[in-house]
Amino acid sequence: MTPAQFACTVVTQYLPEESSSSEQVYAFAYTITVRNTGPVAAQLVARHWIITDSAGHEEQVRGLAVVGHQPVLKPGEQFEYTSWTRLATPRGQMKGTFFCISEDAHWFETPVPEFELLLPQALH
């Protein structure tokens, strides 16, 4: 049998109302869509994020669930959630891993490819 697998997409957004350039706080929301692309139901159990700002400061976040949920996804189903993070610079990156288990009790990891966190004016 083909192993269980999930695929992820990410959309980011700068949050000006939660940010303060004078205090060097830049907030970003990220919306993640996780889709079960495998042949069996599986559950997203935990996550590990690596968050890096443009000064090279790295923070790692590990924990059970995503926004308080451990969704069980049947083949073809998806789960979407939005969370946020703060950086000390107007630009940074995140990447991570979701730890999952299939209904037949096989653990697998789903990588979340690196994505940019970027203050729109930082492009100019």
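Quick caveat: nothing in here was measured; it's all calculated off a predicted structure. Position 1 is the first residue of the sequence; numbering continues from there.
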**Asked** So which heavy atom on Ala29 is nearest to which on Trp84, and how close?
**Response** CA-CB, 3.9 Å
**Item:** Residue pair Gln43 / Gln70: nearest heavy atoms and the distance that separates them
**Value:** NE2-O, 2.9 Å
**Worked verdict on Cys100 versus Val45 for side chain to side chain contact (heavy atoms under 4.5 Å, CB included)** = CA-CA 5 Å; Cys100 310; Val45 178; 5.7 Å; no
**Item:** Least distance between heavy atoms, Tyr14 atom then Leu118 atom
**Value:** CB-O, 4.3 Å
**Message:** Could you report the tightest heavy-atom contact between Ser19 and Ala27, atom names first, then the distance?
**Reply:** OG-N, 2.7 Å
**Message:** If hydrophobic clusters are built by linking Ile, Leu, Val, Met, Phe, Trp and Tyr wherever their side-chain heavy atoms come under 4.5 Å apart, do Val10 and Phe79 end up in the same one?
**Reply:** yes
**Message:** Taking salt bridge (charged side-chain N to carboxylate O under 4.0 Å, His left out) as the cut-off, I'd like each qualifying pair that reaches into residues 45-73, sequence neighbours left out, listed once.
**Reply:** none
**Request:** Say whether Trp107 and Phe6 are linked into one hydrophobic cluster, either directly or through other cluster members, by side-chain heavy-atom distances under 4.5 angstrom.
**Result:** no
**Prompt:** For His106, does its backbone N or O pair with a side-chain atom of Ser102 as donor and acceptor, under 3.5 Å?
**Reply:** yes
**Message:** Between Thr97 and Val112, does the side chain to side chain contact (heavy atoms under 4.5 Å, CB included) criterion hold? Intermediate values first, please.
**Reply:** CA-CA 6 Å; Thr97 304; Val112 181; over 6 Å; no
**Fill in**
For Phe28 and Leu15, the nearest pair of non-hydrogen atoms, with its separation, is C-CD1, 3.9 Å
**Nearest-0.5 Å distance, CG of residue Leu117 to CD1 of residue Ile51** = 8.0 Å
**Asked** Is the closest side-chain heavy-atom distance between Phe115 and Gln93 below 4.5 Å?
**Response** no
**Message:** Just verifying a value: how many Å separate Arg86 CZ and Gln24 CD, rounded to the nearest 0.5 Å?
**Reply:** 14.0 Å
**Message:** Assigning hydrophobic clusters by single linkage (Ile, Leu, Val, Met, Phe, Trp, Tyr; side-chain heavy-atom cutoff under 4.5 Å), is Val67 placed with Leu44?
**Reply:** yes
**Prompt:** Is there a chain of hydrophobic side chains (I, L, V, M, F, W, Y, each step under 4.5 Å between heavy atoms) that links Tyr30 to Val34?
**Reply:** yes
**Item:** Matching residue for Arg35 among Gln5, Glu77, Gln78, Glu80 - test: side-chain hydrogen bond (donor to acceptor under 3.5 Å, both in side chains)
**Value:** Gln78
**Request:** Tell me, with the steps shown, if Leu119 and Arg91 meet side chain to side chain contact (heavy atoms under 4.5 Å, CB included).
**Result:** CA-CA 6 Å; Leu119 176 69; Arg91 184 177 206 155; over 6 Å; no
**Message:** Quick check on the 6.0 Å ring-centre criterion: do Phe99 and Phe108 meet it?
**Reply:** no
**Request:** Please name all residues satisfying ring pair (Phe, Tyr, Trp, His ring centres under 6.0 Å) with Tyr81, sequence neighbours left out, ordered by chain then number.
**Result:** none
**Request:** Indicate, with yes or no, if the rings of Trp49 and Phe98 have centres closer together than 6.0 Å.
**Result:** yes
**Prompt:** Quick one: does Ile32's side chain get under 4.5 Å of Thr9's, heavy atoms only?
**Reply:** no
**Prompt:** Do Ile101 and Val40 belong together in a cluster built from hydrophobic side chains that touch within less than 4.5 Å?
**Reply:** no
**Request:** Report yes if some heavy atom in the side chain of Met94 is under 4.5 Å from a heavy atom in the side chain of Glu114; otherwise report no.
**Result:** no
**Request:** Identify the two heavy atoms, one from Pro75 and one from Asn36, that lie closest to each other, and give their separation to 0.1 Å.
**Result:** N-ND2, 3.6 Å
